[in-house]
Novice: 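A single structure is presented below for examination.
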Amino acid sequence: VLPGHAGWAYALAFSPDGAWLAAACSGPPLEEAAKPGSGETPGKILIWDVRSGQREYEQARHLYNDPIRWSPDSSVLAVGDQAGRITFHELQTGRVTELKPASPNEYWVKPMAWSPAGDRLAAFYWHGSGDQHKVRIFNVQTMQPLREIPVATGSHHRNVDWSADGRWLAFADAKQV
């Protein structure tokens with residue numbers, strides 16, 4: 001058991017180099033800070049040094065079952081959320097950069113995947129009701145969208161992944177691959 005957490009762990013991810021373990025967790029110390037009616041749960045992003053077991057990073061945030069993914073070089077943790085934001089947590093500097101949603105009609109970033117070179121991030125945006133589901137590809141350096149792929153109405157998020165050479169992006173939902 002790693003120190004520094006009590007509550008639910010919604011997502012876990014080992015860094016590609018195996019040095020870090022990240023978790024998106026609910027629970028203390030923010031229990032009284034929940035936004036009434038928001039559906040978001042107070043919590044935090046935690047990162048432990050795998051070798052020592054020591055917690056090296058903590059960032060308070062509201063979350064609920066949000067995806068987390070490490071960059072291929074293990075230097076940045078991307079965290080999606082149900083408000084359509086993606087935050088990038090740079091482990092060595094502590095810098096946090098937020099990529100805000102393009103419109104108020106999109107929400108809930110679900111599966112995400114870094115390209116093998118670490119220059120692009122693909123994110124599946126799920127809209128609970130309606131036909132606004134999409135996969136969006138971002139340039140991570142500029143934080144600008146490169147492409148948007150509409151997804152069938154009524155689709156439910158499943159997975160998104162890049163080919164090893166970064167040329168292809170595949171995604172799967174309840175209706176198609």
Side-chain angles (χ1 to χ4, degrees), residues 2-35 38 40-104 106-125 134-148 160-162 166 169:
L2 293 169
H5 171 64
W8 290 88
Y10 289 113
L12 292 171
F14 278 102
S15 60
D17 65 7
W20 309 103
L21 175 64
C25 306
S26 70
L30 301 175
E31 289 179 348
E32 57 276 4
K35 298 177 190 174
S38 72
E40 294 181 334
T41 303
K44 53 193 165 183
I45 300 299
L46 298 171
I47 300 175
W48 290 272
D49 179 312
V50 172
R51 178 170 262 154
S52 71
Q54 294 298 306
R55 188 179 67 225
E56 298 292 334
Y57 180 86
E58 180 174 342
Q59 172 79 41
R61 64 176 285 140
H62 290 276
L63 49 85
Y64 176 74
N65 199 19
D66 299 333
I68 59 176
R69 296 291 178 266
W70 284 99
S71 62
D73 68 359
S74 302
S75 68
V76 179
L77 182 71
V79 180
D81 72 19
Q82 64 180 311
R85 296 175 303 243
I86 301 172
T87 52
F88 296 88
H89 301 259
E90 294 180 32
L91 187 58
Q92 297 304 320
T93 65
R95 184 173 141 206
V96 177
T97 306
E98 183 176 289
L99 180 61
K100 295 182 180 179
S103 78
E106 62 190 26
Y107 68 86
W108 216 329
V109 175
K110 292 308 276 177
M112 299 184 302
W114 288 86
S115 65
D119 59 339
R120 294 167 289 160
L121 183 79
F124 194 119
Y125 284 82
K134 63 191 85 170
V135 173
R136 188 172 284 147
I137 303 168
F138 295 96
N139 176 315
V140 177
Q141 297 302 314
T142 65
M143 297 293 178
Q144 296 298 310
L146 298 171
R147 184 158 185 203
E148 186 173 288
V160 60
D161 201 10
W162 291 92
L169 178 69

Novice: Rounded to the nearest 0.5 Å, what's the gap from OG on Ser75 to CD on Glu90? Could you check?
Specialist: 7.0 Å
Novice: What distance do Met112 atom CE and Arg69 atom CZ have between them, rounded to the nearest 0.5 Å?
Specialist: 6.0 Å
Novice: Quick check: closest heavy atoms across Gly84 and Tyr125, and the distance to 0.1 Å?
Specialist: O-CE2, 3.5 Å
Novice: Between Val76 and Asp73, what is the shortest heavy-atom contact and its length?
Specialist: N-OD1, 4.4 Å
Novice: Taking the side chain as everything from C-beta on, heavy atoms only, tell me whether Leu99 gets closer than 4.5 Å to Thr87.
Specialist: no
Novice: Hey, could you give me the CZ/CG distance between Phe14 and Leu21, rounded to the nearest 0.5 Å?
Specialist: 4.5 Å
Novice: Are the side chains of Gln54 and Trp48 in contact, using a 4.5 Å heavy-atom criterion?
Specialist: no
Novice: Is any side-chain heavy atom of Met143 closer than 4.5 Å to a side-chain heavy atom of Phe88?
Specialist: yes
Novice: Check whether any side-chain heavy atom of Gln59 sits under 4.5 Å from a side-chain heavy atom of His89, and report yes or no.
Specialist: yes
Novice: Distance check, rounded to the nearest 0.5 Å: Ile68 atom CD1 versus Ile86 atom CD1?
Specialist: 13.5 Å
Novice: May I ask you to test the Leu121-Ile137 pair for a side-chain heavy-atom distance under 4.5 Å?
Specialist: no
Novice: Leu77 and Ala22: which non-hydrogen atoms are nearest, and at how many Å?
Specialist: CD2-CB, 3.6 Å
Novice: Is the shortest side-chain heavy-atom distance between Phe124 and Lys134 below 4.5 Å?
Specialist: no
Novice: Looking at OG of Ser15 and CG of Asp49, how far apart are the two atoms once the value is rounded to the nearest 0.5 Å?
Specialist: 9.5 Å
Novice: Could you tell me whether the side chain of Pro16 reaches within less than 4.5 Å of the side chain of Ser74, counting heavy atoms only?
Specialist: yes
Novice: Can you give me the closest heavy-atom contact between Tyr57 and Gly94, atom names plus distance?
Specialist: CE1-CA, 4.3 Å
Novice: Assess Arg120 against Trp114: is NZ or CZ under 6.0 Å from the centre of the six-membered ring, and within 45 degrees of the ring's axis?
Specialist: no
Novice: For the residue pair Arg55 and Leu46, what are the closest heavy atoms and their distance?
Specialist: CD-CD2, 3.3 Å
Novice: What I'd like to find out is whether the side chain of Leu91 reaches to under 4.5 Å of the side chain of Ile47, using heavy atoms alone.
Specialist: yes
Novice: Looking only at non-hydrogen atoms, find the nearest pair between Trp70 and Ala13 and report the distance.
Specialist: NE1-O, 3.0 Å
Novice: So, the side chain of Asp81 versus the backbone of Arg85: is there a donor-acceptor pair under 3.5 Å, distance only?
Specialist: yes
